[in-house]
Enquirer: 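Encoded as structure tokens, here's the structure I'll be asking about.
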Amino acid sequence: MRASQYYISTTKESPSEAELISHQLMLRAGLIKRLTSGIYTWLPLGLKIIRKVETIVREEMNKIGGLEILMPAVQPAEIWQESGRWEFYGKELLRIKDRHDRDFCFGPTHEEVVVDLIKKDIKSYKQLPLTVYQIQTKFRDEVRPRFGVMRAREFIMKDAYSFHPDFDSLVDTYNNMYSAYTNIFTRLGLKFRAVNADTGSIGGTGSHEFQVLADSGEDVIAYSDESPYAANLELAEAFMHKSSRDTAQHAMQQVATPTQKTCAEVAKLLNIPLSNTVKSLVFEGIDGHPVLVLIRGDHELNEIKISKIKQVKQPLTFVNLDIIQQYFNCQPGFIGPVGFNGTIIVDREVNVMSDFVCGANLNGYHLNFVNFERDCNEPTLVADIRNIVSGDTTPDGAGKFKLCRGIEVGHVFQLRTKYSKAMNAVYLNQHGKTELMEMGCYGIGISRIVAAAIEQNHDKNGIIFPFNIAPFELIITPANYHKSDITRTNADTLYSSFRQAGVDVLLDDRNERMGSLLADSELLGIPYRITLGEKTLNEGKIELYNRKTGEIKLVELDGAVPHILALVKNHKKT
RNA sequence: CGGGGCGUAGCGCAGUUUGGUUAGCGCACUUGAUUUGGGAUCAAGGGGUCGUGAGUUCGAAUCCCACCGCCCCGACCA
């Protein structure tokens, strides 16, 4: 491709709308252009990257027997009512009406469509298992779109769905999918980690997220420094250090804490470790009465974990001050379990505490040396409801937790029979008996990958694309292309040689100054650059620049093509 | 939806507080000249519903009201 005939719209300044570095660079490099909030046009350069990502994804899906289909983006309300999600999906589902006033939605995901398809076509165990996938535009009316294509409303996603006669078959495909994902993200040249994940609103049992490691990521990943254990913080399980309480050593004692409302302040006043204190949180319960939740003073509540506890009302809601006054007779900051007769849910760490400090249910006072059973009711329920913290022992006991941030680019789920049950997707087994299909679903955020790759690979001059998804593999930047015959002839010859050899090459023949060409090539993140001008050509040499290492070396013009071909082929092997 | 900020040329901004000729600057764009190995210089140009609507006023980018859009911070997810 010749740059003079291509669509390149780079800018020096980044638009004020962009906060995240990848967003800024995508706009500056002219990969995308915003049409409206969370909705973007992909320009030729950006789309070229998307296509390269898609190709890798397709190849790996096909390798494990996935069959590509293309489902409609616009879906009728009926199938969503059938699955029950027309009501449950909420405002994120973009609902539209046709001319007959019938309800439709723009698909945020395709479980309904695919189940409807498969249940009508697949009748026998002989046709199972079956995996289909598509690469398609989705729409989710996000509460807050942000970071460009990272969290867009309209985005491109690969979604795959598998159907099985039994759970073993599902696990089989799930494992194949897991390996395929590992191959995909490896080939994309990304540093990533697969982690145990929450199954969220899609539902189901087993689930892993594929997280691209980046400080700007919205997710927190907890991983073990010794073992393979890794999980989203939302799910990361705390280790049980001890299983029983120590015996009480002291009688309960009321202490004045006139201004100390937080555990940290109380611990400081009493000169005790923060881990000896207990924090009290009050949520609305399902029975209309408040639920008291106890967490060790140095820990944080995990909202996902607590949301799974059936006594707690969904969505998770703190009770208001009046209710606290009514049930605890004090202000928040002095709440505690002593004298409270309602539901008490405690973290496992709290359950094994003795002689601890908590609020006295009396404004201005806390209690020291409190013990369950002796001083207050035993917990109604004991559960793991806290966030793990860096340095905690991992649940396998084999290492310590470390935390880092990640961008979720892929997610695999064992859906089991959630949708086949709701929509009656059944088949006949060997014995002619009707059975529910087992299902899995597997997503990859194609457009998000581009942003994630940039987030992970950039420097002050711009993007450093991993080779396999770079918009071009090689750029030729001639000095004085329009003035110097020798430069133009050599540049053209190199260009056609590389083209014939199958290299994805861009010849920057724009009539710009050298500085602009070089700056653009670096902004665009093209892995290799050949610079040539009369100065070096007269010595029979050209200059080869490696975007990633920053290395510049002079190469003999004669052997340049095979030399660079070898470099390119080496990348393509992976 | 709650809180904060913004809306003036493709991009980045000034002008708004205190209303007053023809609305400015830089980048980008067009033409010409000199240039050309790290984002050139000079000259001449094109490009504006000042977010929209309704008001106040002799006069509104500027003041008032309403609406719309965008960005950032909290509840969602690939």
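Naming convention: chains lettered A, B, ... in sequence-line order (proteins, then strands); numbering from 1 in each chain. Hydrogens, waters and symmetry mates play no part in the numbers below; they use all other heavy atoms, side chains included.
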Enquirer: Strictly below 4.0 Å: does Arg513(A) bring a side-chain N or O up to OP1 or OP2 of A40(B)?
Expert: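 Result: yes.
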Enquirer: Starting from C1' on G38(B), measure out to CD1 on Ile552(A) and report it in whole angstrom.
Expert: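 It works out to 10 Å between those atoms.
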Enquirer: Please tell me which of the listed nucleotides, C72(B), C11(B), C71(B), lies nearest to the side chain of Glu13(A)?
Expert: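 Shortest atom-to-atom distance from the side chain points to C11(B).
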Enquirer: Once you apply the 3.5 Å cut-off to both distances, tell me the Watson-Crick or G-U wobble partner of C11(B), or none.
Expert: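 G26(B) is the nucleotide pairing with C11(B).
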Enquirer: Taking only N and O in the side chain of Ser16(A), is any of them less than 4.0 Å away from OP1 or OP2 of C13(B)?
Expert: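 It does, given that an N or O in the side chain of Ser16(A) lies less than 4.0 Å from OP1 or OP2 of C13(B).
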Enquirer: Without decimals, in angstroms, what is the distance between Ile184(A) CD1 and A78(B) C1'?
Expert: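 Value for this atom pair: 13 Å.
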Enquirer: Between U56(B) and A61(B), how far apart are the P atoms? Round to whole Å, please.
Expert: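 Comparing P positions in A61(B) and U56(B) gives a spacing of 16 Å.
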Enquirer: CG of Asp141(A) versus P of A78(B): gap in Å, rounded?
Expert: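 One finds 16 Å between P of A78(B) and CG of Asp141(A), rounded.
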Enquirer: When you check the phosphate oxygens OP1 and OP2 of C27(B), does a side-chain N or O of Thr11(A) lie under 4.0 Å from one of them?
Expert: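 So the side-chain polar atoms of Thr11(A) never come under 4.0 Å of the phosphate oxygens OP1 or OP2 of C27(B).
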Enquirer: Please report, rounded to the nearest Å, how far the P atom of C13(B) is from the CD atom of Glu17(A).
Expert: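 Result: 11 Å.
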Enquirer: Given the C1' atoms of G55(B) and C64(B), what is the spacing between them in whole Å?
Expert: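 Looking at atom C1' only, G55(B) and C64(B) are 7 Å apart.
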Enquirer: Distance check, rounded to the nearest 0.5 Å: Ile449(A) atom CD1 versus Glu54(A) atom CD?
Expert: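 The CD atom of Glu54(A) is 10.0 Å from CD1 of Ile449(A), to the nearest 0.5 Å.
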Enquirer: Please measure how far the C1' atom in U57(B) lies from the corresponding atom in A44(B), and state the result in whole Å.
Expert: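 41 Å, rounded to whole Å.
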Enquirer: Would you say His110(A) and Gln75(A) are linked by a side-chain donor-acceptor pair, where the criterion is simply a distance under 3.5 Å?
Expert: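 Yes - a donor-acceptor pair under 3.5 Å links their side chains.
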Enquirer: So, under a plain 3.5 Å distance rule, would you say the side chain of Glu534(A) forms a donor-acceptor pair with the base of G37(B)?
Expert: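 Under the 3.5 Å cut-off, the side chain and the base do not form any donor-acceptor pair.
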Enquirer: Could you verify whether a donor N or O on one side chain and an acceptor N or O on the other, from Tyr442(A) and Ser162(A), lie under 3.5 Å apart?
Expert: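 There is such a pair between these side chains.
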Enquirer: Starting at CG of Leu233(A) and ending at P of C77(B), how long is that distance when rounded to a whole Å?
Expert: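 That distance rounds to 17 Å.
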Enquirer: Would you mind pulling out the nucleotide paired to U62(B), Watson-Crick or G-U wobble, both distances under 3.5 Å?
Expert: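 Looking at the geometry, U62(B) pairs with no nucleotide.
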Enquirer: Give me the distance, rounded to whole Å, that separates G47(B) from U8(B) when you measure between the C1' atoms they each carry.
Expert: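 After rounding to an integer number of Å, I get 14 Å for this pair.
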